[in-house]
Amino acid sequence: MKQFFVDLHIHIGRTKTGRPVKITGAKSLTIENILYEASFIKGMDMIGVIDCHVPEVLQELKVLIEEEKVVEEEGGGLRFSNVTLILGSEIEVYDETCHGPIHVLAFFPTLAIMETFSGWLQERMKNITLSTQRIYETGRNLQEKVKQLGGLFIPAHVFTPFKSLYGVGVNVSLTEILDPKLIDAVELGLSSNTEMADQLMELHQFTFLSNSDAHSLGKIAREYQAIRMDRPTFSELKLALANKQDRKIFANYGLDPRLGKYHRTTCAKCLTRLEDNWECCPACGHKGMTKGVYERLLELKMAQEKEQGHLVEKIKIEERPPYIHQVPLDFIPKLGPKTLEKLRDHFGTEMNIIHFVPKEELQKIVSSCIAEMILQARKGELSVTAGGGGRYGKVSKALELNND
């Protein structure tokens, strides 16, 4: 059994002909560029591209198979060089049970099954050529279809203030919208971590995923997980999410939640941090606010405890894999694009730099200060200031640097 680095939420910005898929995605986010970046730059073993339902993307993948650049794996997934592509789709659900729109992810083992799913979506969606479009179907019916086709169903970035299950979708419980028995895992999003999410007892039954939600090539693997599997295939991933046959999530690697764009409640206009008892922003007088994930989770926890009539017992830490607060290399102060390129030229992929290169080897390429910060990022020891209202948090300073 081996450990594989996995990021299951990457968008396509454009098709090969230049047609938009994810409107807010970078134009360089084509399927071929994603595969190259993930394999040779980032050093990922498995990625999920969640716009594979788009007909033109499906056709591009068929051509790559015909050209023998990509091979269909026996256990599901498409193999390119050192990385396996898991075919995914992000969908917006806003049925009569939702208080606001939510985003969900569906993954399938083969191109043929994804084609079938795409055809089913096309009958229930206004524009199948774009990413994350609204489906005119209930959430539960969507779940049942995904399961009928042998797929995986995962609610996406579940705590973000906009278009997420807990951010706007439900009042108290996910059972208002979805069937928990048909959920394979829960994606936490950039502004939360395992400890925060486990405040909700109803989430204790689910595997947690930490994915990048990349809208550009550089953001691939800003969050990811190490998964113990025999091989990087769809069937092995399915076993790992269910914690079966010794396949499992070994560790989650994600941003410190304070670096996320929506960690704390802020003024929607000037982004000043707000307390719940403030009716308007003390800095600019604006009355609108963007509720932070931190505050929303406390709100949900109290609501669920009130509904359940008892306090939620804290889940034992050994029941979860470790959640390691890792800072992406491009967040580290003074580590600019040229320096990062120099590191990659010497040490290969970013996964190698982040996880394995010893300090003394790093110091041959970069300053002692930057090398130490990479080591502190590896251990989750960098000091950060919280983000909110759509603005990322920042690495404020490293802890006291070692002189050895």
Side-chain angles (χ1 to χ4, degrees), residues 6-12 22-25 47-51 86 88-94 98-107 131-135 139 142-143 152-170 174 177-178 183-200 202-203 206-216 219-225 241 249 252-266 290-297 299-300 323 325 328 386-393:
V6 178
D7 177 4
L8 292 172
H9 193 145
I10 300 169
H11 282 282
I12 294 174
K22 184 69 176 178
I23 300 295
T24 56
I47 57 171
V49 175
I50 48 77
D51 297 317
I86 302 298
S89 176
E90 185 172 25
I91 304 151
E92 183 170 297
V93 175
Y94 195 9
C98 297
H99 296 280
I102 71 169
H103 287 180
V104 299
L105 306 175
F107 296 98
S131 171
T132 326
Q133 294 299 288
R134 183 169 298 174
I135 184 173
L142 173 60
Q143 285 182 283
L152 298 169
F153 183 91
I154 300 167
H157 46 72
V158 293
F159 300 116
T160 54
F162 311 106
K163 298 187 178 182
S164 76
L165 185 62
Y166 289 110
V168 294
V170 303
L174 64 83
I177 300 173
L178 301 173
I183 294 175
D184 293 284
V186 168
E187 183 185 79
L188 298 180
L190 303 183
S191 295
S192 64
N193 59 14
T194 295
E195 183 179 6
M196 292 173 65
D198 269 331
Q199 294 178 89
L200 305 185
E202 71 176 6
L203 291 182
F206 301 115
T207 296
F208 289 161
L209 293 176
S210 42
N211 297 320
S212 68
D213 195 356
H215 286 53
S216 65
K219 297 302 183 186
I220 293 173
R222 61 179 168 180
E223 291 202 347
Y224 55 97
Q225 41 269 309
L241 296 187
I249 307 291
N252 293 96
Y253 294 95
L255 299 178
D256 185 311
R258 291 172 297 173
L259 287 172
K261 292 195 294 184
Y262 302 109
H263 183 60
R264 299 303 301 266
T265 298
T266 60
T290 303
K291 184 172 290 184
V293 170
Y294 179 88
E295 286 80 13
R296 176 58 176 154
L297 264 166
E299 183 179 276
L300 285 164
Y323 192 106
H325 287 158
R391 177 178 56 189
Y392 287 109

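Since this is a predicted model, take the numbers as computed values, not measurements.
Looking at Asn252, Thr194, Asp7, Asn193 one by one, the single match for side-chain hydrogen bond (donor to acceptor under 3.5 Å, both in side chains) with Ser210 turns out to be Asn252. Among Asp184, Ile86, Leu241, the one residue that satisfies the side-chain contact (heavy atoms from CB on, under 4.5 Å) test with Phe107 is Ile86. When each of Leu105, Val104, Thr132 is tested with Ile91 by the rule side-chain contact (heavy atoms from CB on, under 4.5 Å), just one qualifies, namely Val104.
Shortest non-hydrogen contact noted between Ile183 and Gln143 is CG1-NE2, 3.6 Å. For the residue pair Pro161 and Val168, the shortest heavy atom distance occurs at O-CG1, 2.9 Å. Pro257 approaches Ser191 most closely through the heavy-atom pair CB-O, 3.5 Å. In this structure, Thr265 and Gly292 approach most closely via the heavy-atom pair OG1-N, 2.9 Å. Scanning both residues, Glu202 and Leu174, for their nearest heavy atoms gives OE2-N, 3.0 Å. In this structure, Ile47 and Leu8 approach most closely via the heavy-atom pair C-CD2, 4.2 Å.
In this structure, CE on Met196 lies 11.5 Å from CZ on Phe208, to the nearest 0.5 angstrom. Note: Lys291 NZ to Glu299 CD = 3.5 Å, rounded to the nearest 0.5 Å. Rounding to the nearest 0.5 Å places OG of Ser212 at 6.5 Å from CD1 of Ile220.
Looking only at atom types and distance, the side chain of His11 has a donor-acceptor partner in the side chain of Glu90 under 3.5 Å away.
For Ser164 (side chain) and His103 (main-chain N/O), no donor-acceptor pair under 3.5 Å exists by modelled atom type. Between the Glu187 side chain and the Leu209 main chain, no donor and acceptor come within less than 3.5 Å of each other. Distance alone, capped at 3.5 Å, is enough to place a donor-acceptor pair between the Gln133 side chain and the Ser131 backbone. Counting only distance, with no hydrogens or angles, the side chain of His215 and the backbone of Asp213 share a donor-acceptor pair below 3.5 Å.
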request  = Show your working on side chain to side chain contact (heavy atoms under 4.5 Å, CB included) between Leu190 and Arg222 and close with a plain yes or no.
outcome  = CA-CA 9 Å; Leu190 303 183; Arg222 61 179 168 180; 3.4 Å; yes

request  = Tell me, with the steps shown, if Val170 and Ile102 meet side chain to side chain contact (heavy atoms under 4.5 Å, CB included).
outcome  = CA-CA 9 Å; Val170 303; Ile102 71 169; over 6 Å; no

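Within 6.0 Å of OH in Tyr294 there are 12 or fewer heavy atoms belonging to other residues, nucleotides or ligands.
Side-chain contact check for Leu165 versus Leu178: some heavy-atom pair is nearer than 4.5 Å. Two residues are said to be in side-chain contact when any heavy atoms from C-beta on lie closer than 4.5 Å; Asn211 and Gln225 meet this criterion.
Tyr166 and Phe159 have parallel rings, their planes meeting at less than 30° on a 0 to 90° scale where 60° marks the start of perpendicular.
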